[in-house]
Amino acid sequence: MAGGVAVAANEGEQYHGKLTNFVILACMMAAMGGLIFGYDIGISGGVTSMEPFLKKFFHDVYIKMKEDKEVSNYCKFDSHLLTSFTSSLYVAGLFSSFLASSVTRAFGRKASILLGGANFLAGAALGGAASNIYMLILGRVLLGVGVGFANQAVPLYLSEMAPSKYRGGFNNSFQLSIGIGVLIANLVNYGTQKVKGGWGWRVSLAMAAVPASMLTLGALFLPDTPNSLIQRTNDHEKAKRMLQRVRGTNDVQAEFDDLILASEIAKSIKHPFKNILQRKYRPQLVMAIAIPFFQQVTGINVIAFYAPVLFRTIGLGESAALLSAVVTGAVGIATTALSMLIVDKVGRRGLLIFGGIQMFVTQMIVGGLIGTNLGDHGGVSKAIAFVILVMIGIYIAGFGLSWGPLGWLIPSEIFPLEIRSAGQSITVAVSFVFTFLIGQTFLSMLCHFKYGIFFFFGVWVAIMTTFVYFLLPETKNLPIEKMDRVWREHWFWKRIVGTENNVVTIKEEEA
């Protein structure tokens with residue numbers, strides 16, 4: 001057990017509690033939802049660069065890569081069928097995230113996590129056994145349903161279970177798990193591409209069942225959050241006992257009273273998706289759309305999905321390309337772990353601004369190097385390829401420190417309970433929409449924009465960094481049920497929501 005923590009709440013109140021082993025273990029298990037997402041991102045990027053996989057399912061791409069010497073380096077992998085394999089998961093995830101909102105609200109965060117793991121497990125089995133493109137795509141759809149449920153429920157679970165003083169670090173464990181999943185997938189791909197007989201890609205796809213099994217079985221033993229218990233049942237004593245167990249103290253009355261009040265407001269709202277459109281929720285709605293959008297147009301999924309393809313484009317061989325993806329994946333994990341350690345001390349805004357500047361500079365350098373050294377045919381020198389790899393590594397470090405973990409953390413902590421499941425579903429849905437669009441169009445964009453693709457995403461990074469500087473308030477260390485104060489005190493958003501504390505008004509009326 002860690003030492004006692006007194007967490008400052010609004011209006012001078014104090015939340016008491018400890019960072020308990022119970023919370024740590026529960027959140028570690030829940031964060032496995034990120035592992036399945038990361039494993040899929042890494043695996044799909046790797047297998048689409050494996051020649052036996054391309055030969056079996058995407059023969060036209062295989063022919064262009066191996067035999068057609070007239071096709072530009074930037075266009076060899078341009079295939080809508082190939083991108084459909086990658087992006088079909090995100091279409092399924094988009095629709096399932098809205099279904100997950102209803103499940104999460106009615107049956108709890110635990111139920112959504114369990115459904116996510118089970119669907120992902122089924123998709124892994126189907127993908128590994130695929131004998132034609134239809135089985136392959138159907139497997140991806142099931143994986144997408146699993147990811148949709150997990151991504152909707154896990155960040156909420158982590159934010160509600162963690163003490164506010166450590167909420168940033170705990171929630172960032174979701175992105176850390178994504179990074180670990182990507183690294184594991186890249187290591188698996190590096191090993192399976194050497195399998196004689198050309199069936200290594202089956203192992204890569206089927207092994208997604210391992211993290212899915214861990215999540216599914218682990219979810220059976222997860223406790224539900226006190227917030228969810230209060231929202232779904234009238235058994236306040238059970239919820240209070242859970243809160244005492246979670247915080248490691250019997251002195252939880254202040255926090256429990258705020259949870260009860262938030263739940264009463266939530267139960268009075270029958271249509272959260274309609275109510276989130278109200279003016280008083282305008283800042284949260286804007287962030288629910290802007291943050292996941294910006295997270296995707298950093299260009300990270302260009303690297304995550306297609307790192308091996310990108311490295312092959314600049315002239316690396318199959319094995320070297322996969323190994324390079326392993327190296328960059330390890331960098332992402334290290335910087336995400338660093339973000340976990342410092343986010344609750346440094347704050348969200350500082351990390352986003354610093355990481356944004358780092359990503360912008362490296363994208364400009366990579367675009368310039370590829371533009372001046374890689375033509376439509378041939379490759380680049382080993383020295384230039386090494387510099388490009390280093391710059392991509394620094395770019396990934398910037399993302400791992402900032403927009404990677406914080407893109408999940410900030411939306412999960414800013415919504416009041418009455419619109420929390422709806423707000424998180426919008427966040428996940430927007431993320432899936434733009435992940436799908438970028439995944440579906442990137443190879444065509446690479447073919448037409450060529451090296452300019454890095455300048456395209458670099459401009460977006462500059463825009464989002466400016467957005468954060470002016471419009472995103474700091475949310476560190478503030479209890480999740482007191483988050484409305486950051487909008488009422490912000491120079492811009494207070495013009496939208498006003499300066500009155502609605503929660504305090506309700507308390508006074510009840511008194």
Inset, instruction - Measure from the side-chain N and O atoms of Q244 to the backbone N and O of V252, and report whether any donor-acceptor pair falls under 3.5 Å. - result: no

Inset, instruction - Find the distance between OG (S213) and CD1 (I36) and round it off to the nearest 0.5 Å. - result: 10.5 Å

Inset, instruction - Heavy atoms only: give me the nearest M340-L176 pair and the separation to one decimal. - result: SD-CD2, 3.4 Å

Legend entry - Side-chain donor/acceptor of T466 to backbone N/O of A462, under 3.5 Å: yes

Inset, instruction - Check the angle between the aromatic planes of W491 and F470 and answer parallel, tilted or perpendicular using the 30° and 60° thresholds. - result: perpendicular

Legend entry - Nearest non-hydrogen partners of P292 and M287, listed with the distance: CD-O, 3.6 Å

Inset, instruction - Output the distance between atom CG (D344) and atom OG1 (T475), rounded to the nearest 0.5 Å. - result: 9.0 Å

Legend entry - Y90 vs Q296 side-chain heavy atoms within contact, under 4.5 Å: no

Inset, instruction - Check whether any side-chain heavy atom of I300 sits under 4.5 Å from a side-chain heavy atom of Y395, and report yes or no. - result: yes

Inset, instruction - Using the six-membered ring wherever Trp is involved, compare the ring planes of W493 and H490 and label them parallel, tilted or perpendicular (cut-offs 30° and 60°). - result: tilted

Inset, instruction - Give a yes or no answer on whether the side chain of T20 reaches the backbone of V246 with a donor-acceptor pair at less than 3.5 Å. - result: yes

Inset, instruction - Provide the closest heavy-atom pair for N275 versus Q278 in the form atom of the first, atom of the second, distance. - result: OD1-NE2, 2.5 Å

Inset, instruction - Mind listing the closest non-hydrogen atom pair of F293 and V430 along with its distance? - result: N-CG1, 3.9 Å

Legend entry - Close side-chain approach of F399 and T298, heavy atoms under 4.5 Å: yes

Legend entry - Check: Q295 and W408 side chains under 4.5 Å, non-hydrogen atoms: yes

Inset, instruction - Quick one: list whatever passes ring-ring contact (aromatic ring centres under 6.0 Å, His included) with F467, sequence neighbours left out. - result: F294

Legend entry - R279 side chain vs I496 backbone, donor-acceptor pair below 3.5 Å: yes

Legend entry - Check: Y469 main-chain N/O paired with R349 side-chain donor or acceptor under 3.5 Å: yes

Legend entry - Test item: M161 and P223 side chains (from C-beta on) under 4.5 Å apart, heavy atoms: yes

Legend entry - Main-chain N/O of T427 paired with S431 side-chain donor or acceptor, under 3.5 Å: no

Legend entry - Heavy-atom side-chain contact between Q253 and F256 under 4.5 Å: yes

Legend entry - Donor-acceptor under 3.5 Å (T233 side chain, I230 main chain): no

Legend entry - OG on S101 to CZ on F149, rounded to 0.5 Å: 10.0 Å

Legend entry - Approximate separation, where rounding is to 0.5 Å, of I396 CD1 and M359 CE: 11.0 Å

Legend entry - Heavy-atom closest contact (L136 atom, G127 atom, distance): CD1-O, 4.2 Å

Legend entry - From D40, I184, V210, I178, residue fulfilling side-chain contact (heavy atoms from CB on, under 4.5 Å) relative to L35: I184

Inset, instruction - Please examine the side chains of M483 and F415, heavy atoms only from C-beta on, and report whether any two atoms are closer than 4.5 Å. - result: no

Inset, instruction - Please check if the side chain of S339 supplies one atom and the backbone of T335 the other of a donor-acceptor pair under 3.5 Å. - result: no

Legend entry - Interatomic distance, I419 atom CD1 to L277 atom CG [nearest 0.5 angstrom]: 9.5 Å

Legend entry - Those residues that, when tested against F37, pass ring-ring contact (aromatic ring centres under 6.0 Å, His included) (two or more places apart): none

Side chains of residues 112-122: which donor-acceptor pairs under 3.5 Å do they make with residues two or more places apart or in other chains?
| residue | atom | partner | partner atom | Å |
| --- | --- | --- | --- | --- |
| S112 | OG | T104 | N | 3.4 |
| S112 | OG | T104 | OG1 | 2.7 |
| N119 | ND2 | L115 | O | 3.0 |

Legend entry - Distance (rounded to the nearest 0.5 Å) between N189 CG and L205 CG: 8.5 Å

Legend entry - Heavy-atom side-chain proximity of D484 to V497 below 4.5 angstrom: no

Inset, instruction - Mind checking salt bridge (charged side-chain N to carboxylate O under 4.0 Å, His left out) for R232 and listing every partner two or more places apart, or none if nothing turns up? - result: D224

Legend entry - Pairs involving residues 420-433, ordered by first then second residue, that meet salt bridge (charged side-chain N to carboxylate O under 4.0 Å, His left out) (sequence neighbours left out): E160-R420, R420-E481

Legend entry - Set of side chain to side chain contact (heavy atoms under 4.5 Å, CB included) partners for L126, sequence neighbours left out: M135, L138, L142

Inset, instruction - May I have the step-by-step check of side chain to side chain contact (heavy atoms under 4.5 Å, CB included) for L472 and I410, ending in yes or no? - result: CA-CA 10 Å; L472 183 68; I410 294 169; 3.7 Å; yes

Legend entry - N/O donor-acceptor pair under 3.5 Å between Q152 side chain and F98 backbone: no

